There are 2 protein chains.
Amino acid sequence: MPHPHHRGHRSRSRRRLGPGRWQVHARVERFVEPALLLILRDGSTHGYDLADSLAGLLPGERIDMGNLYRMLRALEAEGIVESEWRDDLPGRNRRTYRLTEQGRTLLDAWADALGEANETIAAFLGRYRDGRET
Amino acid sequence: MPHPHHRGHRSRSRRRLGPGRWQVHARVERFVEPALLLILRDGSTHGYDLADSLAGLLPGERIDMGNLYRMLRALEAEGIVESEWRDDLPGRNRRTYRLTEQGRTLLDAWADALGEANETIAAFLGRYRDGRET
DNA sequence: AATGGTATATGTGTTTCACATATATGTCAA
DNA sequence: TTGACATATATGTGAAACACATATACCATT
């Protein structure tokens with residue numbers, strides 16, 4: 001039984017590579033949520049299958065199944081998604097999720113917000129490049 | 001003396017407005033850091049003044065002075081920025097920051113990462129709109 | 001001397017998240 | 001038929017990022 005001990009404190013967005021070298025990763029907070037909603041808008045599925053679909057929308061991100069299921073249950077408690085146990089399908093039983101009307105509304109709100117975020121980032125990059133070119 | 005009690009748990013990225021209505025805010029994690037570095041690349045200043053400049057890069061965000069100063073001190077500990085106390089300037093004493101070589105390298109890494117994030121968001125929005133148009 | 005703006009901090013609880021672990025079932029091969 | 005492995009759905013837990021509150025001190029103006 002190996003000691004967990006003190007696993008070195010790592011930032012989520014920055015990882016040290018060497019003196020003065022950082023591997024940086026820019027993440028949108030809670031981005032799995034809108035990704036989930038978008039996938040469910042295009043057809044209902046179950047949690048485990050959602051992980052595969054998420055990989056396409058989240059390049060370079062590792063999908064955490066634990067947090068994914070937690071999020072699905074939270075979304076259901078809020079009326080964003082609805083689920084149903086299916087035992088008629090091949091393979092073992094699974095819970096199938098679909099988007100509600102409220103979920104659709106929330107997806108639209110996320111799309112607006114992500115559009116704004118994109119403009120904010122674009123403005124940053126514009127100013128960044130302005131300074132480089134001179 | 002008012003009780004802090006249980007201040008209702010608020011998400012940073014979602015705020016309830018009514019049943020089925022959410023105010024959504026898409027944020028890039030740790031975005032103040034690259035913003036800070038970009039501002040310092042274009043000229044050194046002190047913390048309090050940085051807050052004003054940050055407002056331009058972070059539309060709709062409230063700048064937290066406490067966390068801002070904490071971040072500046074952390075960046076200095078990592079060699080990303082350097083600071084100097086100035087008592088020769090008008091007004092009260094203040095600590096003036098400037099970007100180091102390492103800081104410049106980190107800024108470049110952030111710019112790369114933010115470019116990727118923008119593409120990820122754009123891909124999301126593309127798929128979102130594809131579904132709407134049909 | 002009191003008020004208010006400037007300037008730099010620390011304290012602290014919540015949310016988000018990474019990583020570990022638990023549990024049960026279906027499939028396939030030795 | 002047992003063992004290994006993939007499928008499928010969860011819970012436990014600690015750390016990082018952050019929002020909000022508070023502290024301190026100086027300067028200018030009334």
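The structure displayed is predicted, hence computed values, not measured ones. These numbers come from the heavy atoms of this one structure, side chains and all, not from hydrogens, waters or symmetry mates. Order of the sequence lines fixes the chain letters, A, B, ..., with proteins taken first and strands second; residue numbering starts at 1 for each chain.
Side-chain contact between A:W22 and A:S13: absent, with no pair of heavy atoms (C-beta onward) separated by less than 4.5 Å. Put simply, the side chain of B:L40 does not reach to within 4.5 Å of the side chain of B:L107, judged on heavy atoms.
B:R62 has its CZ atom 11 Å from the P atom of D:dA21, to the nearest Å. Distance, B:F31 CZ to D:dC18 P: 12 Å, rounded to whole Å. When the P atom of D:dC20 is taken as reference, atom CZ of B:R15 falls 7 Å away, rounded to whole Å. At whole-Å resolution of the value, CE in A:M71 and C1' in C:dA18 are 14 Å apart. Taking atom CD of A:E29 as the reference point, atom C1' of C:dT14 lies 12 Å away to the nearest angstrom. Rounding to whole angstrom units, CG of residue B:D52 and C1' of C:dA7 are separated by 12 Å. Taking atom CZ on B:R30 and atom P on C:dA18, their separation rounds to 14 Å, with Å as the unit. One can place CZ of B:R12 at 12 Å from C1' of C:dG13, the figure rounded to the nearest angstrom.
In terms of phosphate contacts, A:S11 brings a side-chain nitrogen or oxygen within less than 4.0 Å of OP1 or OP2 of D:dA17. Contact between the side-chain N/O atoms of A:R27 and the OP1/OP2 oxygens of D:dA17 is not found at any separation under 4.0 Å.
With A:T100 contributing its side chain and A:G79 its backbone, the two residues share a donor-acceptor pair below 3.5 Å.
Across all strands shown, B:R14 has no heavy atoms under 4.0 Å from either base or sugar-phosphate atoms.
Residues A:L17 and B:I80 do not share a hydrophobic cluster, defined by chaining ILVMFWY side chains whose heavy atoms lie under 4.5 Å apart.
Between A:D49 and A:R94 there is no salt bridge, since no side-chain nitrogen of the basic residue lies less than 4.0 Å from a carboxylate oxygen of the acidic one.
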Under 3.5 Å between N/O atoms: give me all the protein pairs with nucleotides 9-11 of chain D, atom names plus distance.
| residue | atom | partner | partner atom | Å |
| --- | --- | --- | --- | --- |
| D:dT9 | OP1 | A:R95 | N | 2.7 |
| D:dT9 | OP1 | A:R95 | O | 3.4 |
| D:dT9 | OP2 | A:G47 | N | 3.3 |
| D:dT9 | OP2 | A:Y48 | N | 2.8 |
| D:dT9 | OP2 | A:Y69 | OH | 2.5 |
| D:dT9 | O5' | A:Y69 | OH | 3.3 |
| D:dA10 | OP1 | A:R73 | NH1 | 2.8 |
| D:dA10 | OP2 | A:R73 | NH1 | 3.4 |
| D:dA10 | OP2 | A:R95 | NE | 3.4 |

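Screening residues 25-70 of chain B for ring-ring contact (aromatic ring centres under 6.0 Å, His included) gives A:F124-B:F31 as the qualifying pairs, with residues at least two apart or on separate chains.
Heavy atoms from other residues, nucleotides or ligands lying under 6.0 Å from CZ of A:R16 number more than 12.
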